[in-house]
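Have a look at the structure below before the remarks.
Chain identifiers are assigned alphabetically (A, B, ...) following the order of the sequence lines, protein sequences preceding nucleic acid strands; residue numbering begins at 1 within each chain. Computed from heavy atoms alone, side chains included, the values below leave out hydrogens, waters and symmetry copies.
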Amino acid sequence: MNNSAHPLLAGLNAQQQAAVGASDGPVLVLAGPGSGKTRVLTHRIAWMLQEQHAAPWQVLAVTFTNKAAREMRERLARMLAGDTALQMSIGTFHAICARLLRREADAAGFSRNYLIFDTDDQLAVMKQVVKDLNLDDKRYRPASLLNAISHAKNELTSPAAYPVATYYDQVVARAYARYQETLRGNEGLDFDDLLVETVKLFQEHADLCEKYSQRYRYVLVDEFQDTNMAQYLLLRLLTGEHRSLYAVADEDQSIYSWRGADYRNITRLRGDYPGLVEILLEENYRSTQIILDAAQALIAPNPDRTIKRLFTRKPQGLPLTLHEAYDEAEEATFVAREIETLRRAGHAYSDCAVMYRTNAQSRALEEALVYATIPYRLVGGTRFYSRREIKDLLAYLRLILNPDDDISFQRVVNVPRRGIGKTTLASLMTLGQTHGSCYKAMLHLLQSDAGSRGAKALRPFAEMLAEWHALRVQGADVRDLTNAVLAAIGYEGYLRDGTDEGEARWENVLALRAVAAEAPGLALEEFLTDVALVADVDELGAEVQAVTLLTLHSAKGLEFPIVFITGLEEGLLPHSRSLDTPHELAEERRLFYVGMTRAEDRLYLTHAFRRSWYGESSPAAPSRFLDDIPPAMLGVVRKRPVLTQPATNWNVPAWRQKRPEPPAVAQRFAPGQAVRHRRFGDGVVRESVIEHGEELVTVLFFDTGAGERTFLATHAPLEAVSQH
DNA sequence: TGACGCAAGTTTTTT
DNA sequence: ACTTGCGTCA
């Protein structure tokens with residue numbers, strides 16, 4: 001390949017050029033963080049179009065998020081002429097499957113107007129199932145049943161084939177069967193179904209499989225390490241003939257095994273695609289040398305990885321900053337102050353990102369940022385589309401499309417209040433069993449029992465639905481329908497109740513209406529699909545001058561000049577639920593690795609000495625992962641006294657430890673007092689202070705090896721001894 | 001039928 | 001600390 005020849009290869013290093021121009025057979029690009037792998041993937045697409053004379057509609061590119069898909073499309077639009085970028089299929093597995101199933105709904109055997117049931121909807125269905133099967137929802141928690149079912153689906157296991165080893169499994173199998181029936185009865189598909197049904201469609205209809213595999217001549221996948229079994233099978237079905245699969249992966253960034261992702265798909269790829277060309281991308285363009293070295297030291301202990309020798313041409317950079325805070329509030333204050341300092345030194349707020357393991361941790365950080373009047377934007381959290389007012393409005397729209405959706409029906413039949421109570425609803429549910437759905441039962445009731453109280457209350461609701469349905473048949477688009485619903489139910493007056501919260505809710509509704517208005521002519525079913533598959537509405541506000549707050553999971557694929565990783569404590573990272581098995585622990589380590597490698601110039605690691613769980617504050621030990629970062633790379637800002645012995649079992653969250661919090665204790669020690677420590681022996685108290693509502697004791701031990709140490713009086717094995 | 005008060009469970013991570 | 005679900009009462 002003549003490297004000066006092609007403008008598409010300009011500005012790429014030798015490894016990247018080789019990756020872009022690799023054979024059109026199966027290719028696996030194993031790429032380190034910050035190696036420009038998404039850029040390589042994008043250039044590869046352009047390369048196939050220009051050098052292999054691929055038609056744009058022959059390209060199928062799978063990204064991990066909708067955001068990544070949008071960015072890739074925008075990039076391609078800049079690189080290519082005209083509307084080429086629009087003709088390509090670029091999206092997540094879920095989005096691509098949803099569209100395909102809509103088109104091939106007849107062959108797949110369900111309604112073209114199927115609805116996508118999100119996590120909340122799934123939970124509602126499962127609660128119904130648990131009730132129907134007379135199960136105890138304490139022993140069989142709907143959420144954990146759903147979890148088991150999701151894993152079964154990812155492995156393409158049907159309810160009938162669900163492996164039953166225990167009684168619990170048997171219940172899961174029954175719930176699974178019933179869940180699928182209920183879902184289909186509501187013309188609903190959950191996220192997993194989108195994948196599973198597409199695979200089934202291709203397996204059962206060889207002609208369709210043939211059709212799509214011929215059409216999608218060039219299949220490219222980003223973040224391949226996070227594909228699950230169903231996704232892998234789908235790729236195999238689509239590339240069975242031509243084998244033009246181009247996968248980009250990094251095993252060290254596999255962080256989604258809990259939802260069925262299996263990085264061993266990389267090994268499967270090697271077995272299933274003879275002639276697979278493997279290319280390593282080892283040059284990092286993102287991070288300073290110190291950050292890269294620290295990240296590599298951190299990830300090194302993990303087994304089963306392809307060793308990559310990452311290097312960068314960026315300068316050495318500053319050491320990482322390790323900060324130990326007293327509690328989460330102080331940790332957050334430290335972060336806020338540091339950001340303010342950085343800003344005064346010339347950085348922008350948008351250069352900074354603050355990461356954490358669990359969404360619950362954002363709260364303390366938000367409070368500190370608000371207090372410091374630092375603007376921030378929260379990624380994830382309570383998703384826009386799962387807010388109550390939005391879900392309610394969407395339920396109305398779903399009912400227009402599909403009145404037999406009982407979940408939506410029950411959600412909004414009495415929102416806003418229209419005098420339909422438990423009794424009426426219960427009779428609708430019972431009638432629904434025989435008539436097929438609550439909606440049909442309602443129609444029946446209005447006919448047969450027209451004078452009853454229930455019928456009187458239901459009639460306006462039924463009339464509204466009929467009216468909207470007629471509008472849709474006449475060709476009304478989403479914008480029209482949304483406006484019609486808002487007007488008919490008097491939503492504004494209902495939501496704007498004078499409180500700030502009410503105002504905020506109404507603003508959310510307006511935001512949704514704006515989304516609908518942006519796409520005139522958009523069909524309802526497409527709008528509802530997009531809404532279910534897209535997490536956030538504020539994608540336009542991405543350029544705002546604000547600090548970004550996000551979980552380590554949602555940090556994947558992003559980069560920031562300055563990164564704070566907070567809550568580096570045992571029980572949090574690694575998370576307490578991940579301590580049981582080595583592979584879960586390895587995934588926690590990868591999660592930390594992903595976070596570290598987001599940083600370009602500065603990386604802060606923080607942990608707290610105490611952390612609150614469920615409003616209960618308990619001591620916290622620094623994360624074991626910190627021990628794997630060579631001290632030479634760390635600049636320590638401040639050290640707090642460290643517990644000599646854990647007072648609690650770190651592996652178990654505080655709320656699970658049936659340990660009543662001892663009442664607040666008065667000061668137990670005074671200077672000059674003789675004490676004995678279980679480990680350090682005899683000593684004398686130098687100082688005892690009450691700080692943050694607890695007693696910190698500083699003891700000088702007679703055994704010179706121990707020297708002077710500070711403990712938390714309530715937790716240290718320290719006793720006063722009588723003097724003789 | 002709806003409002004209110006109390007008990008219980010909750011926190012991994014997301015398409 | 002916070003939400004959610006359930007039971008009692010007007």
Item checked: Distance-only polar pair, side chains of Glu223(A) and Gln225(A), donor-acceptor under 3.5 Å -> yes

Check: In whole Å, what separates the C1' atom of dC6(C) from that of dT11(B)?
Finding: 23 Å

Next item on the list: Applying side-chain contact (heavy atoms from CB on, under 4.5 Å), name anything that partners Ala457(A), two or more places apart in sequence or on another chain.
Entry: Ile420(A)

Checklist line | Contacts of type side chain to side chain donor-acceptor pair (under 3.5 Å), residue Gln122(A), not counting sequence neighbours | finding: Tyr179(A)

Check: Considering residues at least two apart in sequence or located in another chain, which fulfil the side-chain contact (heavy atoms from CB on, under 4.5 Å) criterion with Leu585(A)?
Finding: Pro574(A), Leu579(A), Arg624(A)

Next item on the list: With sequence neighbours left out, write down each residue that passes ring pair (Phe, Tyr, Trp, His ring centres under 6.0 Å) with Phe564(A), or none if nothing qualifies.
Entry: Tyr604(A)

Item checked: Closest non-hydrogen atom pair between Ala620(A) and Glu569(A), with its separation -> CB-OE1, 3.6 Å

Next item on the list: Report yes if a side-chain nitrogen or oxygen of Asn359(A) is closer than 4.0 Å to either non-bridging phosphate oxygen (OP1 or OP2) of dT14(B); otherwise report no.
Entry: yes

Check: Looking at residues at least two apart in the chain, or sitting in another chain, which of them share a side chain to side chain donor-acceptor pair (under 3.5 Å) with Asn265(A)?
Finding: Thr227(A), Arg268(A)

Note to self: Ser150(A): which residues meet the side chain to side chain donor-acceptor pair (under 3.5 Å) condition with it, sequence neighbours left out?
What the structure shows: Asp192(A)

Next item on the list: Determine: side-chain N/O of Ser576(A) to OP1/OP2 of dT11(B), distance under 4.0 Å, yes or no.
Entry: no

Item checked: Test side chain to side chain donor-acceptor pair (under 3.5 Å) applied to Tyr212(A) - qualifying residues, sequence neighbours left out -> Glu104(A)

Margin query: What does the 5'-to-3' dot-bracket notation of DNA chain B look like when only Watson-Crick and G-U wobble pairs under 3.5 Å count, and pairs to other strands show as |?
Written below: ||||||||||.....

Next item on the list: For Lys138(A) and dT10(B), give me the distance from atom NZ to atom C1', rounded to whole Å.
Entry: 13 Å

Notebook entry, point to check: Would you say dC2(C) has OP1 or OP2 under 4.0 Å from some side-chain N or O of Arg363(A)?
Noted result: yes

Check: Which of residues 549-559 of chain A sit near DNA chain B, with a heavy atom under 4.0 Å from it?
Finding: Thr551(A), His553(A), Ser554(A)

Next item on the list: Answer with base, sugar-phosphate or nothing: what part of the nucleic acid does Ser612(A) contact at a heavy-atom distance below 4.0 Å?
Entry: nothing

Next item on the list: Any pair with a residue in residues 127-149 of chain A that passes salt bridge (charged side-chain N to carboxylate O under 4.0 Å, His left out), sequence neighbours left out, goes on the list, sorted by first then second residue, please.
Entry: Asp132(A)-Arg178(A)

Notebook entry, point to check: Given atom CH2 of Trp613(A) and atom P of dT11(B), what is their separation to the nearest angstrom?
Noted result: 11 Å

Checklist line | Set of residues satisfying side-chain contact (heavy atoms from CB on, under 4.5 Å) with respect to Gln361(A), sequence neighbours excluded | finding: Tyr356(A), Arg357(A), Thr358(A), Thr566(A), Leu572(A), Arg611(A)

Next item on the list: Please work out if Thr424(A) contacts a base, only the sugar-phosphate, or nothing of the nucleic acid, heavy-atom cut-off 4.0 Å.
Entry: sugar-phosphate

Next item on the list: Answer yes or no: does atom CZ of Arg264(A) have more than 12 heavy-atom neighbours from other residues, nucleotides or ligands under 6.0 Å?
Entry: no

Notebook entry, point to check: Among dC2(C), dT15(B), dT13(B), which nucleotide sits nearest the side chain of Phe191(A)?
Noted result: dT15(B)

Provide a list of protein-nucleic acid N or O atom pairs under 3.5 angstrom, restricted to nucleotides 4-10 of chain C.
from, atom 1, to, atom 2, distance (Å)
dG5(C), OP1, Lys127(A), NZ, 3.1

Check: With respect to the phosphate group of dT1(B), does any side-chain polar atom (N or O) of Arg418(A) fall under 4.0 Å of OP1 or OP2?
Finding: no

Checklist line | C1' atoms of dT13(B) and dT4(C), separation to the nearest Å | finding: 23 Å

Notebook entry, point to check: According to a strict under-4.0 Å criterion, is Thr65(A) in side-chain N/O contact with OP1 or OP2 of dT14(B)?
Noted result: no

